[in-house]
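Every chain is numbered from 1, with letters handed out A, B, ... down the list of sequences. Side chains included, hydrogens not; waters and symmetry mates left out as well; all remaining heavy atoms used.
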Protein chains: 2
Amino acid sequence: MTTDENSLQAAVPQDDLRLEKFLPYRLSVLSNRVSNAIAQAYGTRFELTIPAWRVMAILGRFPDLSAADLVEQTAMDKVAISRAVSSLFKNDYISRSEDPSDRRRQVLNLTELGREVYERIVPLAQQYENDLMSSLSPEERQQLDSIIEKLMDRAQAWADRGLID
Amino acid sequence: MTTDENSLQAAVPQDDLRLEKFLPYRLSVLSNRVSNAIAQAYGTRFELTIPAWRVMAILGRFPDLSAADLVEQTAMDKVAISRAVSSLFKNDYISRSEDPSDRRRQVLNLTELGREVYERIVPLAQQYENDLMSSLSPEERQQLDSIIEKLMDRAQAWADRGLID
DNA sequence: CATAAGTGGTTACATTTGAAACCAATATTA
DNA sequence: TAATATTGGTTTCAAATGTAACCACTTATG
């Protein structure tokens, strides 16, 4: 339509907003597509939601964490963790044991069963990631890594310092 | 911890999965941070949800669309569109008029009020996007654009052809 | 032109999610 | 050591979201 169809700088604000070029929108669509596909894979095979899978992924690497520790590691909130933990516990994927030095705190670990599942999911997850990554060149992967980091910091700054304006 | 801290290729599958390096996870965190910030900006100022804003963004550029047309343009589903449309209608941001040639179809347009709001939001949205983009160099913006496109295609392929395995 | 099949859009219901209130245990302060 | 504040974690309630059923209308098929 316009002559500068592929102008990438867009330093000059346009009157219209092209949703399909709007970064927040594109990130959302991409993330949803990816998450939905993966959620379905985990869900159908292991009755695992994404939050639950995240908890397992962390506990697989770091034993003896509490729910609060998980909050720190996952960017998920208390409630989501609490729900994920109790569903994992119900499925016998993790154990909760009381911390003797602080009786509010529960020490979490994968059970044997949990670890078996974990060890089957990790390659599956890696397969999805590799499949995604296989559409990119090594340079692009490197670029993506650093770009995400930068965007993440910037978006984090919004939350910290309050929004724009 | 390990010596290959910054190995980017990761062609060799590792035993552990580092959530903080796992692309689907990072995309999700990034997208949520961005969306939440923006949703709050729209929400507090104009009582607009993200789906509603998307509908307005499209109608601002393309008048006389139906709900089905919006589905095509937005990657949102029927129901989400329907709800966004009726809330926008309630707020007098859009008009619905019956298509004489097909009485099921409703032709949607921004009202005067809707267009005013639209014209105030567009710069706001662009401000957010520019702020995000300002953390990237021109080359990086270009790279991101093409990387997202590739990842999107790949993730779409999952949905089309069915999942991996 | 009657019936079946398809399309545009909404409604109903179940599930997920988030915010705030909440309980129990621990840490702090007077 | 009593009173208060803080922290770990769960529950409650309301809002957001997805799936499937659904109505109204239109198109295709006999």
Between atom CD in B:Glu72 and atom P in C:dG9, what is the gap in whole Å?
-> 12 Å
For nucleotides 13-15 of chain C, give me every protein contact, N/O to N/O, under 3.5 Å, one pair per line with atom names.
none

What parts of residues 100-110 of chain B reach DNA chain D, counting only heavy atoms under 4.0 Å away?
-> B:Asp102, B:Arg103, B:Arg104
Return the set of residues passing salt bridge (charged side-chain N to carboxylate O under 4.0 Å, His left out) with A:Glu47 (not counting sequence neighbours), or none when no residue passes.
-> none
Side-chain polar contacts of residues 56-72 of chain B - donor-acceptor pairs under 3.5 angstrom, sequence neighbours left out - could you list them?
| unit_1 | atom_1 | unit_2 | atom_2 | d |
| --- | --- | --- | --- | --- |
| B:Arg61 | NH1 | A:Glu20 | OE1 | 3.3 |
| B:Asp64 | OD1 | B:Asn109 | ND2 | 2.7 |
| B:Ser66 | OG | B:Ala68 | N | 3.3 |
| B:Ser66 | OG | B:Asp69 | N | 3.1 |
| B:Ser66 | OG | B:Asp69 | OD2 | 3.1 |
| B:Asp69 | OD2 | B:Ser66 | N | 2.9 |
| B:Asp69 | OD2 | B:Arg105 | NH2 | 3.1 |

Separation of C:dT10 P from B:Lys78 NZ (nearest whole Å) = 10 Å
Check the distance between C:dG18's C1' and B:Arg33's CZ and give it to me in whole angstrom.
-> 18 Å
Separation of C:dT17 P from A:Met76 CE (nearest whole Å) = 9 Å
Please work out which of the three classes, parallel, tilted or perpendicular, describes the rings of A:Tyr42 and A:Trp53, given edges at 30° and 60°.
-> tilted
Give, for atom CG of B:Leu30 and atom NZ of A:Lys150, the distance between the pair rounded to the nearest 0.5 Å.
-> 14.0 Å
Choosing from C:dA20, D:dG9, D:dG18, which nucleotide comes nearest the side chain of B:Asp77?
-> D:dG18
Quick one: pull up CD in A:Glu140 and CG in A:Asp145 and give me the separation to the nearest 0.5 Å.
-> 13.5 Å
Any chance CZ of B:Arg96 has more than 12 other-residue heavy atoms, nucleotides or ligands included, within less than 6.0 Å?
-> yes
Return the value, rounded to whole Å, for the distance between atom CD of A:Gln40 and atom P of D:dG18.
-> 14 Å
N/O donor-acceptor pairs under 3.5 Å from side chains in residues 86-94 of chain B, not counting sequence neighbours:
| unit_1 | atom_1 | unit_2 | atom_2 | d |
| --- | --- | --- | --- | --- |
| B:Ser86 | OG | B:Ser82 | O | 3.3 |
| B:Ser86 | OG | B:Arg83 | O | 3.3 |
| B:Ser87 | OG | B:Ala84 | O | 3.3 |

Is there a side-chain contact between B:Ile50 and B:Ser35, using heavy atoms and a 4.5 Å cut-off?
-> yes
Strand contacts (DNA chain D) in residues 52-69 of chain B, 4.0 angstrom heavy-atom criterion = none
Say you draw a straight line from CG of A:Leu23 to OG of A:Ser28; how long is it, rounded to the nearest 0.5 Å?
-> 11.0 Å
Rounded interatomic separation in angstrom, taking CG from B:Asp99 and P from C:dT7 = 17 Å
Distance col, row B:Gln126:CD vs B:Ile121:CD1, nearest 0.5 angstrom, shows 12.0 Å
Quick one: is C:dG9 close enough that its OP1 or OP2 comes under 4.0 Å of any side-chain N or O from B:Ser82?
-> no
B:Leu48 atom CG is separated from D:dA16 atom C1', nearest whole Å, by 15 Å
Whole angstrom is fine here: how far is it from CG in A:Asn32 over to P in D:dT17?
-> 10 Å
Here the gap from B:Arg26 atom CZ to A:Glu149 atom CD, rounded to the nearest 0.5 Å, amounts to 5.0 Å
